[in-house]
Amino acid sequence: MTVHNSEIATIFDKVADLLEIEGANAFRVRAYRKAALAIGTMPQCLADMVEEGADLSELPTIGHDLADKIAEITRTGHLHLLDEIERRTPGDLAELMDLPGLGPKRVHALQEMLGITGIDDLLRAARTGELKKLPGFGPKLQEQILHTLTARGGADRRLRLRIAEEIARDLVRHMKTAPGVGHVIVAGSFRRRRETVGDLDILVTSAQPMQAVDRFKAHEDIAEVVSKGATRSTARLRSGLQVDLRVVPEESYGAALQYFTGSKAHNIATRRIAQAAGLKVNEYGVFRGNRQIAGATEEDVYSALGLPWIPPELREDRGEIEAAAKGRLPNLVTREDVRGDLHVHTTASDGTASIQEMAQAAKALGYEYIAITEHSRRVTVAHGLDEKRLARQIDEIDRLNDALEGITVLKGVEVDILEDGTLDLADSILKRLDLVLGAVHTSFGLARTQQTDRILRAMDNPYFTILAHPTGRLIGRREPLLLDMERLMAGALERGVVLEVNGQPDRLDLTDIHARMAKEIGVRLALTTDAHRQSDLDFMIGAVDQARRGWMEPAGVVNTRPLHALRRLLSR
DNA sequence: GCCGTTTTCGGCCCGACTGTTTTCAGTCG
């Protein structure tokens, strides 16, 4: 069996937690954390690399020691070091670290003084009042822990970006009406356009910070103000979402925006550059000694460090700083570059609007073309089309194109890839189409080699043009297919097949990481919405976000091309 | 434990807020 990167990351995170509780060297702890973070978002499968004899110590944050430990984990499924530490520390102390107010020092004290080894012990100690007597603890903390443990459940789940967007819009509107407020912007992972966000970070500029903080806590959705100071406040919404407010003076706007946008890893990397240049960066500006030399805009901040402005989507410490220093930042694809949508359903299968209605909606967005791509017969719940019905739709689209002005409707299909890798419709009908999307909707549970082979076999069909939602994952609901993504992409490149970045808020498939991989391998992408109604065409922004986070440029995306060029690219 | 236009040894991001403190440690982002 293959050990996944995420499992290695989990092991390293646990080692970090337990070492920290034991009071180990803080930088050693940090090394495990950094490695876990990096491994969790690496596109390459580490287990495969070990198998191939690659030198893992060349990877960032991985040295010789951790490379050996990764090899050990992929070969045995275990890490001797972790087993050892767990023998020393009974129970599950690491899970206590997740509770707000508890860090390594206090968890250590809990074990040392009260013999607490897990959540149950902790709850008991809080109820009996033993907890508040410990040095470093008190009645407030005991109360908070009790509250967290009894009111637990689901509140710490990350929110999909599209949902967060609705909440954020409302909060921003609320803060804009506060007296004396200048900028109001949502920073954090929201601004970096991550697929989910754990909290909202709202940055406000004002000369009267207290007024802004007061205005914030008056918002009707706020259930509880967790902390509140002169320049920052943390609150929990009724939905459970945490919101952090930060108020800075106008002259610090750029520095605060940079700081608050993160990511943490990106910020640490930028501060190290500053340090090396004898400068200091904090949320108020860039400083030489006590003198502020930048801070009003993000451009100034980066420029003071000798760097061009870096788009937020890239700020994950995945090579963007090195690229910026060399003047090699990508020219990221934008929503305006997209000239049409290539994955759209209508009432013929499970959509709610007609072909003409979808075409008109696309035209209103300024598109040049739109592809109609219904499900095939196998997907019975979605009313999938067989050859006969698809032939009728082809004729209907031909007639419609004669009548339509200013937009072209392309003839397509989202044909099912059957378990043996054949397609759900005959070649005789596929060859009459402008494009053929292939997609997996069944047999999600195949083993990795089998699943990869199945899709590659489907791509062998000469009419297959785009692999739709390649991993099949649904955020928070369905795990991605087990796939050897490198082999799949190499196969797609060989066959001239395009991979989709599906913008449905719960799909976002390919992910940012795989989009980046596609770019490096040279596979082209199609940004689509999988729209089932007119308003779904707005999901394009989700696909663009993922592509941007994957460093994609317009040239790597097929539907940034005008119609004639697109047709050329799609004909294999 | 990682890493290197100061270095293979000696560094390792930085500040706000809380609670328990009597001047600050711990946690958090």
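Every chain is numbered from 1 and lettered A, B, ... according to where its sequence line falls, protein lines coming before strand lines.
Pairing for B:dA16 is with B:dT27, a Watson-Crick or G-U wobble pair whose two hydrogen-bonding atom distances lie under 3.5 Å.
A:H174 places a side-chain N or O within 3.5 Å of a backbone atom of A:R215 that can act as its donor or acceptor partner. A side-chain donor-acceptor contact under 3.5 Å links A:R549 to the backbone of A:R192. Of the possible donor and acceptor atoms, one in the side chain of A:Q142 sits under 3.5 Å from a partner among the backbone N and O of A:K132. For the pair A:T270 (side chain) and A:N267 (backbone), a donor-acceptor distance under 3.5 Å is present.
Salt bridge annotation for A:R516-A:E316: absent, with no cationic side-chain nitrogen under 4.0 angstrom from a carboxylate oxygen. The residues A:R473 and A:E195 are annotated as salt-bridged, a charged nitrogen and a carboxylate oxygen being separated by less than 4.0 angstrom.
In this structure, A:L102 places its CG atom 7 Å from P of B:dT27, rounding to the nearest Å. Rounded to an integer number of Å, the gap from CG of A:L203 to C1' of B:dA16 is 15 Å. Per the geometry, NE2 belonging to A:H64 stands 10 Å off P belonging to B:dC3, to the nearest Å. Counting to the nearest Å, the C1' atom of B:dC28 and the CZ atom of A:R106 are 11 Å from each other. The interatomic distance linking A:M210 (CE) with B:dA16 (P) rounds to 15 Å, in whole Å. Spacing between atom CG of A:D201 and atom C1' of B:dC28 amounts to 12 Å, rounded to whole angstrom units. Atom CZ of A:R33 and atom C1' of B:dG1 are 14 Å apart (whole Å). Following rounding to the nearest Å, A:F137 (CZ) and B:dT21 (P) show an atom-to-atom distance of 12 Å.
The side chain of A:Q275 lies closest to B:dC12 when the candidates are B:dG29, B:dC12, B:dC2. When distances are taken from the side chain of A:S227 to each of B:dG15, B:dT27, B:dT18, the shortest belongs to B:dT18. Ranking B:dC12, B:dC2, B:dT27 by closeness to the A:R30 side chain, first place goes to B:dC12. The side chain of A:L66 has B:dC2 as its nearest neighbour among B:dC2, B:dC28, B:dC14. The A:A31 side chain lies nearest to B:dG1 when the options are B:dT20, B:dG1, B:dT27. Of the candidates B:dG1, B:dC14, B:dC13, B:dG1 carries the atom nearest the A:Y32 side chain, counting heavy atoms from C-beta on. Nearest nucleotide to the side chain of A:P100, out of B:dC28, B:dG1, B:dG15: B:dC28.
Comparing the same atom, P, in B:dT20 and in B:dC14 gives a spacing of 30 Å after rounding to whole Å. Spacing between B:dC2 and B:dC13 at atom P, rounded to whole Å, works out to 16 Å. Here, B:dC17 and B:dC12 have their P atoms 25 Å apart, quoted to the whole Å. Comparing the C1' positions of B:dC3 and B:dT8 gives a spacing of 9 Å, expressed to the nearest Å. Spacing of P atoms, B:dT21 relative to B:dG26, comes out at 12 Å, to the nearest Å. Straight-line distance between the P atoms of B:dC28 and B:dT22: roughly 23 Å, to the nearest whole Å. Comparing the P positions of B:dG15 and B:dG10 gives a spacing of 26 Å, expressed to the nearest Å.
Contacts of A:L110 classified as side chain to side chain contact (heavy atoms under 4.5 Å, CB included), with partners at least two apart in sequence or in another chain: A:L96, A:L102, A:I116, A:L122, A:L131, A:L134, A:F137.
Checking the phosphate oxygens (OP1, OP2) of B:dG29, no side-chain nitrogen or oxygen of A:K264 falls inside 4.0 Å. Under 4.0 angstrom from either OP1 or OP2 of B:dC13 there lies no side-chain N or O belonging to A:N267. Between A:Q242 and B:dG29, a side-chain N or O to OP1/OP2 separation shorter than 4.0 Å is present. At the phosphate of B:dG19, neither OP1 nor OP2 sits under 4.0 Å from any side-chain N or O atom of A:K132. Side-chain N/O atoms of A:R271 include none lying less than 4.0 angstrom from OP1 or OP2 on B:dC13. In this model, the phosphate group of B:dA16 is approached by a side-chain N or O of A:Y284 to a distance below 4.0 Å at OP1 or OP2.
Toward the 5′ end of DNA chain B lies the nearest nucleotide of A:T231, the other residue of the pair A:T231 and A:M97 mapping further downstream. For A:V226 and A:R272, each mapped to the nucleotide of DNA chain B holding its nearest heavy atom, the one lying further toward the 5' end belongs to A:R272.
Across all strands shown, A:G101 has heavy atoms under 4.0 Å from sugar-phosphate atoms exclusively, and none from any base. Looking at heavy-atom distances under 4.0 Å, A:V29 makes no contact with the nucleic acid at all. Across all strands, A:E143 comes closer than 4.0 Å to no nucleic acid atom at all (heavy-atom distances). Residue A:A230 is in sugar-phosphate contact alone, with no base atom involved, counting any heavy-atom pair closer than 4.0 Å across all strands shown. Backbone-only contact: A:P139 has heavy atoms under 4.0 Å from sugar-phosphate atoms and none from a base.
Ring geometry for A:Y253 versus A:H183: interplanar angle under 30°, hence parallel rather than tilted (30 to 60°).
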